[in-house]
Every structure is written in C-alpha cells, then in structure tokens.
Amino acid sequence: MCRNIHTLHNFEPAATDDEVEAAALQYVRKISGSTKPSQANAEAFERAVAEIAHITRHLLEDLVTTAPPKDREVEAQKAKERSAKRFATV
C-alpha cells in the first residue's frame, strides 16, 4: 500500500491538495490495515485522513532546503526507467 506514497517536498510546482490527501489516505490505510473501513470506523478513518493531510501541508510549508526544486516529469521518467530495469524480463 505505501508504495503509492511519493515524496512531496521540493517539487515545482508544489504538491497539490489532491496529492497530499492521497498520501494521507495511503498512510491511514497502511496503519489501519484496511482499505475501506467499516461503518463503525468510517468517521475515525476519515478524521485521521483529514488530520494527517492538514499536518502534512504544514510540514511541507515549513521544510527548508537549499537544493533546487525537482521537476515532476523528470522524476517520473527516472522512476519509469528504474522500474523497467528492475522488472525487465530476460
């Protein structure tokens, strides 16, 4: 599950609310061990996602770096190349 959580810091353009929300959702799914909570746990699950997304936004705003921002498309291409190399069939 957590393989879907990607680095959100130091990209241009900055991480969107959707990306932050998706990362928070994946985190809560991993921690809870559930991709879809029962009705009894739905409120706690949704509250956790919202709170983690909120804290993540604050974290991203507060982090400081001297490194130049990364380009999303370049990083995505690098990831595809690593994946192709890793899963190449012989």
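Position 1 is the first residue of the sequence, and the numbers go up from there. These numbers come from a predicted model, not from an experiment.
- When side chains are defined from C-beta on, His9 does not count as touching Lys70, because their heavy atoms never get closer than 4.5 Å.
- Between Ala42 and Pro37, the closest heavy-atom pair is CA-CG, 3.8 Å.
- By the 4.5 Å heavy-atom criterion applied to side chains, Val28 and Glu46 are not counted as neighbours.
- No single ILVMFWY cluster, assembled from side-chain heavy atoms under 4.5 Å apart, contains both Tyr27 and Leu8.
- Taking NE2 of His54 as the start and CZ of Arg57 as the end, the distance is 8.5 Å to the nearest 0.5 Å.
- Looking at Glu75 and Lys78, a side-chain N of the basic residue comes within less than 4.0 Å of a carboxylate O on the acidic one, giving a salt bridge.
- You'll find the side chain of Pro68 stays beyond 4.5 Å of the side chain of Glu12, heavy atoms only.
- Side-chain atoms of Lys85 and Glu81, non-hydrogen and from C-beta on, never get closer than 4.5 Å to each other.
- For the atom pair CZ of Phe45 and OG of Ser34, the computed distance is 5.5 Å after rounding to the nearest 0.5 Å.
- Put simply, OG1 on Thr35 and CD on Gln26 are 9.5 Å apart, with the number rounded to the nearest 0.5 Å.
- The pair Arg47-Glu43 counts as a salt bridge, with a side-chain nitrogen and a carboxylate oxygen less than 4.0 angstrom apart.
- For Glu19 against Ala14, the heavy-atom pair with the smallest separation is OE1-O, 4.3 Å.
- One distance of note links CG of Leu60 with CD1 of Ile55; it measures 11.5 Å at 0.5 Å rounding.
- Under a 3.5 Å cut-off, the side chain of Thr56 and the backbone N or O of Ile52 do form a donor-acceptor pair.
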